[in-house]
Amino acid sequence: MVSYKDIGLVNTRELFKKAVNGRYAIPAYNFNNMEQMQAIIQACVETKSPVILQVSSGARKYANQTILRYMAEGAVQYAKELGYPIPIVLHLDHGDTFELCKSCVETGFSSIMIDGSHHSYEENIKLTKQVVDYCHQYDITVEGELGILAGVEDDVKAEQHSYTRPEEVEDFVKRTGVDSLAIAIGTSHGAYKFKPGQKVEIRLDILAEIEKRIPGFPIVLHGSSSVPQSLVQEINMYGGKMQDAVGIPEEQLRKAAESAVCKINIDSDGRLAMTAAIRKVFAEKPDEFDPRKYLGPARDSLKELYKHKIIHVLGSDNKA
Ligand code: G3H
Ligand code: 13P
Ligand code: ZN
C-alpha cells in the first residue's frame, strides 16, 4: 500500500474549502502521458495554481497504472525543481466500481471519484457510501455524481443528459458522506457538446438552486471544455475533419467558478491543442520524424491553454 502523503500529494479538503470561500475553481486536468503531465505542472507552477491531476480508467489502461502513479510522484518533485511546490492532488476520474477505487487507493491516489450516476438513485447511494467509507479510513476525499452528462467516457456513452434534481442533493450528500458533488447542468463530455444552431447555455439556475440546498458544499463540473474555435480551425486547416465542434462559453464557466463550483474538469480542450500543434508540424515539415519535434510544440501549446484557463476562466492563479 502506497500512501499519497508519503509521496507529497494532498487530498482535496483544504483546497476546496479555500476555493469555495475565495470564489474560484481548481483545474482538474486529465493526463495520459509525460508531455501532458509536464505541461500541466509547468502551467500551474508558472501561475502558482493548485492542481488536480486526473486519471481515467482509460488512462490507466493506456499508460499503465504503476507508471501513472510514479509520474504523479515525479510531478511533485518536478514542481519543486521548477521553483514552486504547488499542492497536487492525484484523482481517479469516473471510477465505476468499488474494486477500481480500492486499487487506486492502494497505489497512491489522494482523491477518488465514484461515478454511480448511471445507476438508480438508491444504488448510486449504496455504491458511493461504500467507497466513501473505505476511502475515509485513509483520509482520501471522494467525489460523487448526481445527474447524467451526455457524451462518452471510456465505454459509457450517454446520448441524453438528465439534469441533477436539486431536491435530491441534500439527501445524497448526507447519506453518502461524499466530500464533493459532481452535477449535471448542461455540460457534457467531448468536443461536440451542442448541435449547430442550438442555444449554448448551461443551467446556472439549477446550480443556484443546488447551492441553496447545500450552502458552501463543494460542487464539481465535468464536461467543461470550451472547444476553442481557433483550435478547431487550425486542426481543419491542417487536414483534420472536425465539423460542428462546440463547447461551453468561457464566460459561463467563469460565472460558475465564482459560485460553490470549486473543481472544473477539462480534457477535450487539451486534446484539441495537442492535435492542432502536431498537425501543423506534420503539414509544414513533412520530412520531420523526431517525435520531440512535434510533441514539444504540442506540449508548449498545451501549457499555454492551461495557463489561459487558470488565469481567465478558473481564477486559481496565485492561490497555491
Ligand atoms: O470524462 C472523460 C475524460 O475526458 C476521460 O476520457 O475516458 O477517454 O480517458 P477517457
Ligand atoms: P471535457 O470532455 O469537456 O474536457 O470534460 C472532461 C471531463 O469531464 C473529465 O472528467
Ligand atoms: Zn467527466
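Below, all heavy atoms of this structure are taken into account, side chains as well, without hydrogens, waters or symmetry copies. We count ligands from 1, going down the list as the structure has it; atoms in each ligand are counted the same way.
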Ring of Phe194, cation from Lys199 - is the NZ or CZ under 6.0 Å from the centre and inside 45° of the axis?
no
Using the six-membered ring of Tyr24, assess whether NZ or CZ of Lys319 lies under 6.0 Å from its centre and within 45 degrees of the ring axis.
yes
Looking at the Zn ion (ligand 3), which N/O/S atom of His222 is the nearest one?
ND1
Of all N, O or S atoms in His189, identify the one at the shortest distance from the Zn ion (ligand 3).
NE2
Does Asn11 use its side chain to pair, donor to acceptor, with the backbone of Ser111 at less than 3.5 Å?
no
Kindly list each side-chain donor-acceptor pair under 3.5 angstrom involving residues 310-317, sequence neighbours excluded, with atom names and distances?
residue, atom, partner, partner atom, Å
Ser316, OG, Ser49, OG, 2.8

Just by distance, with hydrogens left out, do Glu143 and His222 show a side-chain donor and acceptor under 3.5 Å apart?
yes
Please indicate whether any nitrogen or oxygen in His189 is less than 3.5 Å from any nitrogen or oxygen in ligand 1.
yes
Is it true that Arg271 lies under 4.0 Å from ligand 1, counting heavy atoms only?
yes
Would you mind running through ligand 1 and noting each atom that sits below 4.0 Å from a heavy atom of [X]?
{"X": "Asn30", "value": "3 (C), 5 (C)"}
{"X": "Asp267", "value": "3 (C), 4 (O), 5 (C), 6 (O)"}
{"X": "His94", "value": "1 (O)"}
{"X": "Asp93", "value": "1 (O), 3 (C)"}

Less than 4.5 Å apart, side chain to side chain, heavy atoms only: is that true for Ile235 and Leu272?
yes
Could you go through Glu99 and Lys102, starting from their C-alpha distance and side-chain angles, then the distance that decides it, and tell me whether this counts as salt bridge (charged side-chain N to carboxylate O under 4.0 Å, His left out)?
CA-CA 5 Å; Glu99 289 69 30; Lys102 185 168 179 280; over 6 Å; no
Look up atom CG in Leu221 and atom CD1 in Ile248, then write down how far apart they are to the nearest 0.5 Å.
8.5 Å
Protein residues near ligand 2, heavy-atom distance below 4.0 Å?
Asn30, Gln54, Asp93, His94, Ser188, His189, Gly190, Lys193, His222, Gly223, Ser224, Ser225, Asn265, Ile266, Asp267, Ser268
Could you list all the ring pair (Phe, Tyr, Trp, His ring centres under 6.0 Å) pairs where at least one residue sits in residues 259-301, not counting sequence neighbours?
Phe282-Tyr294
Under the side chain to side chain contact (heavy atoms under 4.5 Å, CB included) test, which residues partner Lys293, sequence neighbours left out?
Glu288, Asp290
